[in-house]
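From a predicted model like this one, the values you see are computed outputs, not experimental measurements. Letters go in sequence order (proteins before strands), and every chain restarts at 1.
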Amino acid sequence: MVNDSSTGEEKILTVAKIENGTVIDRIPPGKSLRVFEVLGIDSNYPYVVALAMRVPSVKMKVKDVVKIKGKALTSKEIQTLTFIAPHSTVNIIKNFKVINKTELTIPNKVEEIINCINPNCVTNAHEPVVSSFDIISKEPLVLRCVYCDRLLKGDTLQNQL
Amino acid sequence: MKGDLIQHLFTTRKLSKQDIENLFDLTKKIENNPDYYSEFCKGRILGNLFFEPSTRTRLSFESAMLRLGGKILGFTSSRDSSATKGESIADTIRMVNHYADIAVVRHYMEGVGEIAKQFATIPIISGGTGTQEHPTQALLDLYSLKKEFDKIDGLNIGFLGDLKYGRTIPSLLYSLIKYDNVKINLISPKTLRIRSNVENRLNDAKSDYLVTENLHEVLETLDALYVTRIQKERFLDPIDYERLKNSYKITPDTLQDVKDHFIILHPLPRVDEIHYDVDKLKYSRYFEQAKNGVWVRMALILKLLGVE
């Protein structure tokens, strides 16, 4: 899937287009393997997948790119990727064309993807609710549990993803 | 407080200064003439869902509803409810929706307010949730301050003791920061400082607060001191407890240089953090404070039921 070719002195990396699926572009260099983990892509994944690590990028100098044939991301996967690979772009491909492009920016609220660290929070009990956090600071990342008001730091979130 | 407030009360953060003042106006009317309100809740039922033991909060809610002419049902510990069978709080609330017109929930878990918001069709009041908040205690504390000083704006208040695990502390702080020029002094051992989420909210509100371990650094400047119990089991190192316990004990000697109008409040129960000899001094207000709980809770029930 990945061809490496040269034009003049500059090396250009070309990754074959996919007909239908998702392309995650501008992934921070080295993070694409974590992206695979989040999306549950391993050696048994039955569809075509392309991964390019540390390819040249005008904006980022280097970046990772992932292409997955026939895959549409769930909202939970997108939420999780936002924290694994912030500012990546998710491109939905149909008939070789990008029909939707979204930049993953840290939202103001996050639900379900992580648990509250407070063992006494009702979201950790047998209740018909899902965890929910307000993001009160994006840099550094700080979350506040909507239920029990407990604060979570960014590294706590990263450890749970 | 339909219309001007919210249907439930689980945090004082959601109350405006005007909400609190409106509540206190009604509280004062009730206190001055309780007989007038003696049938306002006739035919109404208060459900008391106490998953955790309580003396003052439960009894004062019961007293409040009975004084309003209403009736009471409920349980006084998890053992008496289907919680022991694994029933969720959400299901308990869905059930009580049909059995009562208003309910009080005390629970050892935190975040019950959000569950109430999602599953309750009747007004639900927190009777204290975990270490999170105890809003009705804070309202009666605030009412006690208002009665004493005729205002809250400009007061210099000290908080002493276990500021980390005491659930009345966040609720009272969140109420006080709605007022103007209130100075807050947080006096505790380092291990029992207010939690970061509470301090974060004080910072967000740009409130004027001081953190210290030394009571005498601020005592002479205070209008009121809010004393809480220090629990030995909260200390990681027992030596720390032994070192600090006496420095947070109030005796008549402690109070030699306080302002003339200074008062001491305590949410109770007290153990030994205020010596019995202090009870006789002009500064003690903790028993009057407990009495105010009934009037404030009567007003709150009326507001939430919309039967003013």
Side-chain angles (χ1 to χ4, degrees), chain A residues 74-80 82-84 86-87 104-161, chain B residues 8 10-14 49 51-52 78 82-95 105-120 124 126 128-135 164-165 167 169-171 173-174 194-205:
Chain A
T74 64
S75 61
K76 196 173 169 181
E77 286 170 336
I78 290 173
Q79 268 201 92
T80 309
T82 301
F83 297 100
I84 298 285
H87 306 298
L104 299 180
T105 51
I106 303 285
N108 295 323
K109 203 173 182 72
V110 57
E111 288 192 330
E112 217 175 337
I113 61 168
I114 56 161
N115 298 323
C116 182
I117 52 168
N118 177 5
N120 282 330
C121 178
V122 289
T123 57
N124 289 319
H126 177 59
E127 297 292 337
V129 292
V130 294
S131 67
S132 180
F133 300 87
D134 288 328
I135 293 175
I136 59 167
S137 164
K138 294 184 180 179
E139 192 59 51
L141 189 61
V142 183
L143 296 82
R144 180 188 281 132
C145 177
V146 168
Y147 286 81
C148 74
D149 210 51
R150 190 67 65 95
L151 298 182
L152 277 78
K153 289 182 182 166
D155 52 356
T156 309
L157 177 137
Q158 293 292 348
N159 291 339
Q160 284 197 37
L161 293 176
Chain B
H8 312 296
F10 275 85
T11 174
T12 52
R13 283 191 288 107
K14 304 270 175 76
L49 313 180
F51 293 87
E52 204 183 47
S78 294
S82 285
T84 52
K85 299 175 192 165
E87 186 171 50
S88 65
I89 304 165
D91 283 359
T92 306
I93 286 175
R94 280 192 274 213
M95 173 207 64
V105 178
R106 167 171 286 195
H107 208 286
Y108 45 85
M109 299 293 286
E110 294 164 24
V112 181
E114 285 299 312
I115 301 236
K117 211 160 95 182
Q118 293 174 47
F119 297 98
I124 310 278
S126 166
T129 51
T131 59
Q132 190 179 8
E133 280 204 53
H134 193 348
K164 185 172 187 177
Y165 298 102
R167 58 185 163 205
I169 302 291
S171 292
L173 288 173
Y174 298 152
I194 55 164
R195 293 189 298 274
S196 56
N197 60 315
V198 182
E199 191 161 3
N200 182 277
R201 291 196 183 277
L202 293 186
N203 288 329
D204 281 353

TODO: Sort B:Phe119 into side chain, backbone, both or neither according to what part of it lies under 4.5 angstrom from a heavy atom of chain A.
DONE: side chain
TODO: Between chain A and each of B:Thr129, B:Ile89, B:Asp91, B:Val198, count heavy-atom pairs under 4.5 Å; write down the option with the most.
DONE: B:Ile89
- [ ] Please check if the side chain of B:His107 supplies one atom and the backbone of B:Phe51 the other of a donor-acceptor pair under 3.5 Å.
- [x] no
Open item on the list: Is B:Gln118 in contact with chain A via its backbone, its side chain, both, or neither, using a 4.5 Å heavy-atom distance?
Closed with: side chain
TODO: Find out whether A:Lys76 and A:Ile113 are in side-chain contact, i.e. whether some heavy atom of one side chain is under 4.5 Å from a heavy atom of the other.
DONE: yes
Open item on the list: Can you tell whether the side chains of B:Arg201 and B:Asp204 come within less than 4.0 Å, N to carboxylate O?
Closed with: no
Open item on the list: Which one wins on heavy-atom pair count under 4.5 Å against chain A: B:Gln132, B:Lys117, B:Arg13?
Closed with: B:Gln132
- [ ] Please determine which of A:Asn124, A:Thr123, A:Asn118, A:Asn120 meets the side chain to side chain donor-acceptor pair (under 3.5 Å) test together with B:Glu110.
- [x] A:Asn118
TODO: Indicate yes or no for a side-chain donor-acceptor contact from B:Arg167 to the backbone of B:Gly130 under 3.5 Å, with no hydrogens or angles considered.
DONE: yes
Task: Side chain / backbone / both / neither for A:Val146 at chain B, heavy atoms under 4.5 Å - done: both
